[in-house]
Enquirer: 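If you scroll down you'll find the structure; I have some questions about it.
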Amino acid sequence: MIDEWGLAENVGKGRIYRLEHTSYEPDVKPRMLDQSTSELVAHLSHPNGWWRDTAQKLIVLREDGASTIPALEKLAREGRSELGRLHALWTLEGLSAAKPELLLDALNDSSSIVRVAAVRISEPYLSRDHEVLAGAILGNSYLPEDIEMQLQVYNSIAYSATTQAKLVEFSAKLEKAKAEHPVFKRLAGMHREVATARAASAAMRARNKSFGEAMDRGKVAYEQLCFACHGADGKGVPMPGAAGQLLAPSFVGNPRVVGSDHTPIRTLLHGLTGDLDGKEYEGLMVGMGNNSDEWIADVVTYVRNSFGNEAPQTSPKTVAGLRSLHSKRTEPWTQSELEAIAPKPLSREGWKLTASHNQESLPEAIDGKGKTRYTTGVSQKKGMWVQVELPESTWLSGVKLDYGPSKNDGPEYYALYLSEDGKNWKKPVAVGKALQNKTDIFFAPQKARFAKIEITNATTRLYWSIHELELLGN
């Protein structure tokens, strides 16, 4: 047909074609931007889906959208079109005006798609344990036969994280009754994953509220944007039609991710272009510097503490400092540029190491052998310290402590001090809590000859061990 009609020769005249039935008579096309908000309500029942969606969007976005609430409630209850009633419900939800009384009526609508929407829109009320709505959902006369409604109730109970006993009990019974149903089976697995993630998030917030909240916000941003190229598991999305190729590099154990947080911050601020480690990636890493310092810090924190990675929380102040430092930059970074400005480990030649405990084993912390270690030989306690004296005053920007096979043997709570003479110590340049496998400490470059790490608090009975110690230059 392309050849017969010469479509391939139709160059420069557009390439979108529409087939119309001979009996088709198009409706009068509305100019919605020129219509009043109240006039838009009528379009919510139109057969044309684009008209319905556009009218719904404009009502929600307009400043006087709330003026349509009475008409929307009437449409949701009395509209002749099930699609009109459906859009009326979601428009009210968009206006934060979907009241429980209306949802109770919608739960008994003759249309399954309207009932399903009512269940989903009820989720915030289920989260607040609204007993009347919960009872109306569970006692709904359509529920025993409406599989779509059952699926939505099952999902909404899980999503709302309600603690109402009757809802939780119903969900468990439904899961058992539908154990062999392929969709319920998959959903059950997903719900367990969500519950596990919620428990981990709650535990994180309990240990460190700021870190837990940053991880939660970063997860939302990652799942909205980053996953499309880097994948839900952080391993990179396979390139369609190109075996072995990825749209973007993996984050799992990536040294550019788990090293200094300055590299991922710079990448988010300005973007990244060119090959990485000799590999070409199809996905374009664009700069996202239009987002706030907190947004970028949250994403960096999430990526550096997910997919098996572990790193300290990134501060919005660090993002602000790098944003200011590179305020005149307009081009994306390249790998070579980022590596050129990344802090490098200093030579260990001429170092003098001292410690509060078991000083004799200190040389094993800088012998380049991952299996040997310095250890205190006794359980950690407040006031323990390890000190490095350099041959001369040097610019420092970080310290790396690797615990190798001695997991969890890092200083539970620490402070890092710098000094020029080993007697007059400045305020700590960093304080924090050790991670499981290693602790990387980064700070604004300062000149010093002495660096000392001191334990500020300890509740563990484990030793303090260091398999490899590195100081980073400017």
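All heavy atoms count here, side chains included; hydrogens, waters and symmetry mates do not.
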Enquirer: With side-chain hydrogen bond (donor to acceptor under 3.5 Å, both in side chains) as the criterion, how do D275 and Q335 come out once you've worked through the C-alpha distance, each side chain's angles and the decisive distance to 0.1 Å?
Expert: CA-CA 7 Å; D275 295 354; Q335 178 180 354; over 6 Å; no

Enquirer: Is any side-chain N of the basic residue among K369 and E364 closer than 4.0 Å to the acidic one's carboxylate O?
Expert: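 No, this pair does not count.
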
Enquirer: To the nearest 0.5 Å, what is the distance between CG on L107 and CZ on R115?
Expert: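 Rounded to the nearest 0.5 Å, the CG-CZ separation comes out at 9.5 Å.
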
Enquirer: Less than 4.0 angstrom from a charged side-chain N to a carboxylate O is my criterion; do R128 and E123 meet it?
Expert: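 No salt bridge links R128 with E123.
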
Enquirer: Within the side chain of Y417, is there an N or O that forms a donor-acceptor pair under 3.5 Å with the backbone of K452?
Expert: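 A pair under 3.5 Å: no.
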
Enquirer: Can you tell me which residue pairs pass the ring-ring contact (aromatic ring centres under 6.0 Å, His included) test with a partner in residues 334-387, sequence neighbours excluded?
Expert: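 Listed by first then second residue: nothing to list.
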
Enquirer: With a 3.5 Å cut-off and no angle check, do the side chains of E148 and Q152 form a donor-acceptor pair?
Expert: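 Their side chains do not contain a donor-acceptor pair, so the 3.5 Å distance test is not met.
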
Enquirer: Go through the steps for I341 and E337 under the test side-chain contact (heavy atoms from CB on, under 4.5 Å), then give the verdict.
Expert: CA-CA 7 Å; I341 57 177; E337 285 179 314; over 6 Å; no

Enquirer: Roughly how far, to the nearest 0.5 Å, is CG of L276 from CG of N254?
Expert: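 Here the rounded value is 8.5 Å.
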
Enquirer: Suppose we call two aromatic rings close when their centres sit under 6.0 Å apart. Are Y222 and H230 close by that rule?
Expert: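 Centroid separation for Y222 and H230: 6.0 Å or greater.
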
Enquirer: Looking only at atom types and distance, does a side-chain atom of T376 sit under 3.5 Å from a main-chain N or O of W464, one as donor and one as acceptor?
Expert: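 Yes: the side chain of T376 pairs with the backbone of W464.
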
Enquirer: Going by the side-chain contact (heavy atoms from CB on, under 4.5 Å) test, name the single residue among D53, L72, I121 that passes it with W90.
Expert: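 Going through the options one by one, the only one that passes is I121.
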
Enquirer: I'd like to know if the side chain of R329 reaches the main chain of E331, judged simply by a donor and an acceptor atom lying under 3.5 Å from each other, with no hydrogens or angles considered.
Expert: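 Judged by distance alone, yes, a pair lies under 3.5 Å.
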
Enquirer: Indicate yes or no for a side-chain donor-acceptor contact from N309 to the backbone of V258 under 3.5 Å, with no hydrogens or angles considered.
Expert: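 Not confirmed, N309 side chain does not pair with V258 backbone.
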
Enquirer: Side chains of D146 and S112: donor-acceptor distance under 3.5 Å anywhere?
Expert: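 Yes - a donor-acceptor pair under 3.5 Å links their side chains.
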
Enquirer: Any chance the side chains of S419 and D421 put a donor and an acceptor closer than 3.5 Å?
Expert: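 Yes, D421 and S419 have a side-chain donor paired with an acceptor closer than 3.5 Å.
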
Enquirer: Could you label the plane-to-plane angle of the Y154 and F184 rings as parallel, tilted or perpendicular, counting under 30° as parallel and over 60° as perpendicular?
Expert: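 Answer is tilted, since the angle falls between 30° and 60°.
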
Enquirer: State the NZ-CD1 distance between K381 and I455, to the nearest 0.5 angstrom.
Expert: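 These two atoms lie 10.5 Å from each other.
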
Enquirer: Without swapping roles, check the side chain of N140 against the backbone of I137 for a donor-acceptor pair under 3.5 Å.
Expert: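 Not confirmed, N140 side chain does not pair with I137 backbone.
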
Enquirer: Is atom CD of E131 surrounded by more than 12 heavy atoms (other residues, nucleotides or ligands) closer than 6.0 Å?
Expert: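 For E131, atom CD is not crowded (no more than 12 foreign heavy atoms under 6.0 Å).
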
Enquirer: Would K433 pass as a cation-pi partner of Y413, given that its NZ or CZ must be under 6.0 Å from the six-membered ring centre and within 45 degrees of the axis?
Expert: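 Yes, a cation-pi geometry holds between K433 and Y413.
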
Enquirer: Is the backbone of Y403 close enough, under 3.5 Å, to the side chain of H467 for a donor and an acceptor to pair up by distance?
Expert: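 Indeed, once roles are kept as given, a pair shorter than 3.5 Å links the two residues.
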
Enquirer: Test your reading of the model: is there a side-chain donor-acceptor pair from S122 to the backbone of Y125, 3.5 Å cut-off?
Expert: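 Not a single qualifying donor-acceptor pair exists.
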
Enquirer: Please determine whether side-chain contact (heavy atoms from CB on, under 4.5 Å) holds for the pair K438 and E468, giving the CA-CA distance in whole Å, both sets of side-chain angles, and the decisive distance to 0.1 Å.
Expert: CA-CA 9 Å; K438 62 179 181 177; E468 286 298 316; over 6 Å; no

Enquirer: Looking at Y302, does the NZ or CZ of R217 lie under 6.0 angstrom from its six-membered ring centre and within 45 degrees of the ring axis?
Expert: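 Judged by the rule (NZ or CZ under 6.0 Å from the ring centre, within 45° of its axis), R217 is not positioned above Y302.
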
Enquirer: Given the rule in the side-chain hydrogen bond (donor to acceptor under 3.5 Å, both in side chains) test, do D129 and T162 qualify, once you have shown the distances and angles that lead to the verdict?
Expert: CA-CA 6 Å; D129 294 341; T162 178; 3.0 Å; yes

Enquirer: With the threshold set at 4.0 Å, does a side-chain nitrogen-carboxylate oxygen contact exist between D293 and K317?
Expert: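 A salt bridge is absent here (no side-chain N lies under 4.0 Å from a carboxylate O).
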
Enquirer: Does the side chain of S260 come under 3.5 Å of the side chain of D440 through a donor N or O and an acceptor N or O?
Expert: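 Their side chains do not contain a donor-acceptor pair, so the 3.5 Å distance test is not met.
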
Enquirer: For residues T334 and S336, is any side-chain donor paired with an opposing acceptor at under 3.5 Å?
Expert: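 Side-chain D/A pair, T334 to S336: present.
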
Enquirer: Just by modelled atom types, is the G350 backbone N or O under 3.5 Å from a matching donor or acceptor in the K352 side chain?
Expert: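 Not confirmed, K352 side chain does not pair with G350 backbone.
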
Enquirer: Please confirm whether the backbone N or O of P144 pairs with a side-chain atom of Q150, one donor and one acceptor, at under 3.5 Å?
Expert: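 Side chain of Q150 to backbone of P144, a donor-acceptor pair under 3.5 Å: yes, one is there.
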
Enquirer: Indicate whether any N or O donor in one side chain lies under 3.5 Å from an N or O acceptor in the other, for R373 and S465.
Expert: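 Short answer, yes.
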
Enquirer: Using a distance-only test with no angle check, is there a side-chain donor-acceptor pair under 3.5 angstrom linking D367 and T372?
Expert: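 Their side chains do contain a donor-acceptor pair, which is all the 3.5 Å distance test asks for.
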
Enquirer: Judged by modelled atom types alone, do T318 and D261 share a side-chain donor-acceptor pair under 3.5 Å?
Expert: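 No - no donor-acceptor pair under 3.5 Å links their side chains.
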
Enquirer: Quick one: which of V431, N457, L401, I441 gives a side-chain contact (heavy atoms from CB on, under 4.5 Å) with Y414?
Expert: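 Exactly one candidate clears the test, I441.
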
Enquirer: Tell me, with the steps shown, if I69 and L95 meet side-chain contact (heavy atoms from CB on, under 4.5 Å).
Expert: CA-CA 8 Å; I69 290 175; L95 294 169; 4.3 Å; yes

Enquirer: Within the side chain of Q359, is there an N or O that forms a donor-acceptor pair under 3.5 Å with the backbone of A355?
Expert: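 Yes, the answer is positive, given that a donor and an acceptor are paired below the 3.5 Å cut-off.
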
Enquirer: Measuring from atom CG of L390 to atom CG of L346, what distance do you get when rounded to the nearest 0.5 angstrom?
Expert: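 If I round to the nearest 0.5 Å, the distance is 6.5 Å.
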
Enquirer: Looking only at side-chain N and O atoms, does Q313 offer a donor or acceptor that is under 3.5 Å from a partner on T301?
Expert: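 Judged by distance alone, the side chains do not pair up.
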
Enquirer: For atom OH of Y159, is the number of surrounding heavy atoms from other residues, nucleotides or ligands below 6.0 Å larger than 12?
Expert: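 Open.
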
Enquirer: Can you tell me if NZ on K185 sees more than 12 non-hydrogen neighbours from other groups inside 6.0 Å?
Expert: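 For K185, atom NZ is not crowded (no more than 12 foreign heavy atoms under 6.0 Å).
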
Enquirer: Take a 6.0 Å sphere around CZ of R256 and say whether it holds more than 12 heavy atoms from other residues, nucleotides or ligands.
Expert: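 Yes - once you tally the heavy atoms of other residues, nucleotides and ligands closer than 6.0 Å, there are more than 12.
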
Enquirer: Ignoring hydrogens and angles, write down the donor-acceptor pairs under 3.5 Å from the side chains of residues 234-252, residues two or more places apart or on other chains.
Expert:
from : atom 1 : to   : atom 2 : distance (Å)
S250 : OG     : G234 : O      : 3.4
S250 : OG     : V252 : N      : 3.1

Enquirer: For the pair S393 and E420, evaluate side-chain hydrogen bond (donor to acceptor under 3.5 Å, both in side chains) and give the outcome as yes or no after the intermediate values.
Expert: CA-CA 7 Å; S393 183; E420 284 290 349; 2.9 Å; yes

Enquirer: Report the C-alpha separation of L416 and V399 in whole Å, then their side-chain angles, then the decisive distance to 0.1 Å, and conclude whether the side-chain contact (heavy atoms from CB on, under 4.5 Å) test is met.
Expert: CA-CA 9 Å; L416 174 64; V399 176; 3.8 Å; yes

